[in-house]
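In what follows, a single structure is set out as structure tokens and then discussed.
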Amino acid sequence: MKTAVIALFVIAGLAAVAVTQRHRILVYAVAMQGAPALADPADEGPAVYWHDDYFTVQPLAERTFAIGEPRYYQQNYSYLIVGSERAVLFDAGPGFRDIRPLARSLTDRPITFIPSHFHYDHVGNDITFENVAVVDLPYLRARAPDDRLQLRFAEHLGMAEGLRAPTLEIDEWIAPGSRISLGDRTLQLLYTPGHTEDSVSLLDLESGHLFSGDFIYPGPLFAFLPNSGMGDYLQGAATVLGSVPAHTRVFGAHRVAPPGAPELAVADVLDLQSALRAIRAGGLRGGGAYPVVYPVNARVELHAEPWWLQDWTPRHAALAP
Ligand SMILES: [Zn+2]
């Protein structure tokens, strides 16, 4: 009897550790597999050209470029938006190759790097940018009194590919909802948490393009990571839907397959919001154990934690517009 009780306590203890340490276990499991080798170049269609043997460029409009890394297994897309005074590089990929010479070849204006969020496949890691702008969130500011922000395990997740979390040297803090002047064109920074606590999107007020990072793209959206939040995701969806015109073209940071940049529409964000509300209400069933895969529509699915681990309280509700 005594042995059985001890065994029960041990099993309960191990289960508790497995739940609280699930994200570290997940990252270690990914790291054990190792990153897949670069894929062979695919046919990217007539709108895209290869810059070299790794990067692709797709002009989306005059002075707006999608920069692809289609051979990297996560198929990252970064965006260069050029104005008369300066340019913004939204994301920089994993730093597997240096994106700066390519960006420099597309503009002679000073370039400000803005990460959509701090995951390792967006911040360029060992690459040091001359100008860095980051969303002005109080908890980030508090950690960077000297404007140097050391990224943390849960924000960066680079351990999955053997990458150390970098320190960002921040030149500009941009408040959620505020405008970024590039001279003759203006961007608006939207705080769109959900995938992570620090996720932002950029709205090009002139062209009607939204650059959404990992908040939304065609394929599996990850809402089960260490600093993901379901309540945050709902807040992000409401912010997008309340901020962008109906005809907005939405460009995400990953795609599933060629050709070209990953593009969605506002209707997909609306579908995401509907799916989130249905999950919260218990009206949408997902498949699988961990993560649970919820259908959003034909092009998008949401990978979340099981219902008993889902957190529906937004962490920064006061930052919603
Ligand atoms: Zn991410």
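Atoms within each ligand, like the ligands themselves, are counted from 1 in listed order. Everything numeric in this text was worked out from a predicted model, so none of it was measured.
The shortest heavy-atom contact between L80 and A87 is CD1-CB, 4.2 Å. When all heavy atoms of A304 and F224 are compared, the closest pair comes out as C-CB, 3.8 Å.
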CA sep, side-chain torsions, deciding dist, call: H122, D214, side chain to side chain donor-acceptor pair (under 3.5 Å): CA-CA 9 Å; H122 298 260; D214 281 3; 3.0 Å; yes

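Take a cut-off of 2.8 Å around the Zn ion (ligand 1): the protein N, O or S atoms inside it are H117 NE2, H119 ND1, H195 NE2, D214 OD2.
Counted by atom type alone, S274 and D271 present zero donor-acceptor pairs between their side chains at under 3.5 Å.
Y77 and Y79 have tilted rings, their planes meeting at an angle from 30° to 60° on a 0 to 90° scale.
For D232, the side chain to side chain donor-acceptor pair (under 3.5 Å) criterion is met by R315, not counting sequence neighbours.
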